[in-house]
Engineer: 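Could you have a look at this structure, given as structure tokens, before my questions?
As the structure is a prediction and not an experimental result, all values here were calculated from the model.
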Amino acid sequence: RLAGLVRESGLKVALTGEGADEVFAGYDIFKEARVRRFCARQPGSRIRPHLFRKLYPYLPGLQRQSAEYLAAFFGAGNDAPEGGIDDPLFSHRPRLRGTAAAKLFFSRDLKDTLGSYDAAEEMAGLLPQAFARWHPLHQAQYLESRFLLPGYILSSQGDRMAMAHGVETRFPFLDHRVVEFAAALAPEMKLKGLAEKHILRVAMKDMLPSQIGSRPKQPYRAPDSRAFTGKGALGYVAKALGAERLEATGLFDPKATMALHDKCASGRAAGFRDNAAFVGILSTQLWMETFAAANTATARAA
């Protein structure tokens, strides 16, 4: 819709801000990893986990939780099964654990096919040899820039959306000279305490209104499962997550998946994990219907 609005306005080229968060450490995940490391130095502290509330003031449910819950939820201790603060994927483990909840809904055949395969382990195997010697912030920036930025943010969320409307995008923050400059900066120049994009805020302080230049980052939060369930839900959702379609694709357990659909439809989705699983399953089912089924029909006709 945003790309369509650009085209409707008579514009064919647009400047976008992609890359600024990766290059200048703007994402919450960078601050969260710093707090988790801080907590890991005193794993028994009941004070330090309260810092997580400062990171996510826009999540009211989080504000009501105890220090013990916050520490457990964010993996703030130094005894994580993946290896604690020495884990090369330390910064992204909470996200990986959250999205991995979708595995609970895999069919038996899919689980057997995957066997002991671990996508996170494969990711760790792709890291540069010198990765362990980098500063923790630089490690987190690399993971974000290498594995999420190209195929997801720039492609799925960016280029495909723009080109669908004949709009070309330009990325000033991804100019190689800007990236090289930022990569040479000390970590505190980018993430100063818990203030993200520090050097960028300083550079722009005379060009932006203070209420914009000094405000904390606020992510765009889509409604996830609520957009597809409940009152006014589109018919294709129930069909894609129905027993017949689930059995046909064979990727997800019908009983567990339909229970998740009912849970989301009744407004009982338990946060990020349920929502991530729901959207992932629905997207996969629709993808299979659009492409896999069409390819099968074509093959049979041939």
Side-chain angles (χ1 to χ4, degrees), residues 1-34 55 88-92 95 123-124 126-222:
R1 298 220 175 182
L2 178 60
L5 180 61
V6 172
R7 185 55 186 259
E8 290 170 10
S9 300
L11 303 174
K12 296 187 67 176
V13 180
L15 293 175
T16 80
E18 274 87 356
D21 289 310
E22 290 79 6
V23 172
F24 291 105
Y27 286 130
D28 288 335
I29 198 169
F30 300 138
K31 296 186 288 185
E32 179 185 309
R34 176 165 288 187
L55 301 183
L89 305 181
F90 176 85
S91 59
H92 284 62
R95 178 188 291 173
M123 182 191 303
L126 296 173
L127 300 176
Q129 188 173 2
F131 187 83
R133 299 197 299 270
W134 296 356
H135 187 279
L137 177 61
H138 294 160
Q139 292 178 341
Q141 286 183 276
Y142 179 87
L143 293 175
E144 200 72 16
S145 301
R146 169 68 175 81
F147 296 106
L148 196 73
L149 179 64
Y152 179 55
I153 294 177
L154 292 180
S155 178
S156 296
Q157 286 192 345
D159 194 52
R160 295 184 189 182
M161 301 299 104
M163 292 308 295
H165 296 275
V167 176
E168 296 182 31
T169 47
R170 300 288 183 267
F171 313 101
F173 288 107
L174 290 177
D175 183 284
H176 68 93
R177 291 157 294 194
V178 176
V179 175
E180 290 169 0
F181 168 78
L185 293 172
E188 289 297 322
M189 294 296 290
K190 291 174 279 191
L191 184 60
K192 188 175 180 61
L194 293 180
E196 73 278 4
K197 295 182 180 176
H198 172 66
I199 191 172
L200 194 58
R201 293 177 187 274
V202 173
M204 296 291 110
K205 67 179 182 179
D206 295 329
M207 302 180 68
L208 291 174
S210 60
Q211 65 267 31
I212 294 177
S214 62
R215 69 184 177 188
K217 183 175 175 61
Q218 170 68 48
Y220 165 72
R221 294 182 57 79

Engineer: As an exercise, state the distance from CE of M161 to OG1 of T169, rounded to the nearest 0.5 Å.
Structural biologist: 11.5 Å

Engineer: From L191 CG over to I199 CD1, what is the distance, rounded to the nearest 0.5 angstrom?
Structural biologist: 13.0 Å

Engineer: Which pair of non-hydrogen atoms, one from S155 and one from G151, has the smallest distance, and what is that distance?
Structural biologist: CB-O, 3.3 Å

Engineer: Of the non-hydrogen atoms in H198 and E188, which two are nearest, and what is the gap between them?
Structural biologist: CD2-O, 4.1 Å

Engineer: Please tell me if the side chains of Y142 and L127 come closer than 4.5 Å, counting only heavy atoms from C-beta onward.
Structural biologist: yes

Engineer: On a heavy-atom basis, which atom in P150 and which in S145 lie closest, and how many Å separate them?
Structural biologist: CD-O, 3.1 Å

Engineer: Rounded to the nearest 0.5 Å, how far apart are NE2 of H138 and NZ of K190?
Structural biologist: 3.5 Å

Engineer: Within the side chain of R201, is there an N or O that forms a donor-acceptor pair under 3.5 Å with the backbone of A195?
Structural biologist: no

Engineer: Look up atom CZ in R215 and atom OG in S210, then write down how far apart they are to the nearest 0.5 Å.
Structural biologist: 11.0 Å

Engineer: Donor-acceptor pair, K197 side chain versus A20 backbone, under 3.5 Å?
Structural biologist: no

Engineer: Is there a donor-acceptor pair under 3.5 Å between the side chain of Q139 and the backbone N or O of L89?
Structural biologist: no

Engineer: What's the separation between atom CD in Q157 and atom CG in L148, rounded to the nearest 0.5 Å?
Structural biologist: 8.0 Å

Engineer: Test F171 against V178 for side-chain contact (heavy atoms from CB on, under 4.5 Å), laying out the working first.
Structural biologist: CA-CA 11 Å; F171 313 101; V178 176; over 6 Å; no

Engineer: Determine, step by step, whether Y27 and K217 satisfy the side-chain contact (heavy atoms from CB on, under 4.5 Å) criterion, reporting the C-alpha distance in whole Å, the side-chain angles of both residues, the deciding distance to 0.1 Å, and the verdict.
Structural biologist: CA-CA 8 Å; Y27 286 130; K217 183 175 175 61; 3.9 Å; yes

Engineer: Working to the nearest 0.5 angstrom, can you tell me the gap between R34 CZ and E32 CD?
Structural biologist: 13.5 Å

Engineer: Are the side chains of P136 and F90 in contact, using a 4.5 Å heavy-atom criterion?
Structural biologist: no

Engineer: Flag yes if more than 12 heavy atoms outside F181 fall under 6.0 Å of its CZ atom; otherwise flag no.
Structural biologist: no

Engineer: Using the test salt bridge (charged side-chain N to carboxylate O under 4.0 Å, His left out), find all partners of K31 that sit at least two apart in sequence or belong to another chain.
Structural biologist: D28, E196

Engineer: Looking at every non-hydrogen atom in both residues, tell me the closest pair between P128 and W134 and how far apart they are.
Structural biologist: CG-CH2, 3.8 Å

Engineer: Crowded around Y152 OH? As in, over 12 foreign heavy atoms under 6.0 Å?
Structural biologist: no

Engineer: Do you know which two heavy atoms are closest between V23 and A182, and how far apart they sit?
Structural biologist: CG1-CB, 3.1 Å

Engineer: Side chains of residues 1-15: which donor-acceptor pairs under 3.5 Å do they make with residues two or more places apart or in other chains?
Structural biologist:
{"unit_1": "R7", "atom_1": "NH1", "unit_2": "H165", "atom_2": "O", "d": "3.1"}
{"unit_1": "R7", "atom_1": "NH1", "unit_2": "G166", "atom_2": "O", "d": "3.4"}
{"unit_1": "S9", "atom_1": "OG", "unit_2": "L5", "atom_2": "O", "d": "2.9"}

Engineer: Between L185 and F24, which heavy-atom pair has the shortest distance, and what is it?
Structural biologist: CD1-CE2, 4.4 Å

Engineer: Is there a side-chain contact (heavy atoms from CB on, under 4.5 Å) between F147 and H92? Walk through the geometry before answering.
Structural biologist: CA-CA 11 Å; F147 296 106; H92 284 62; over 6 Å; no

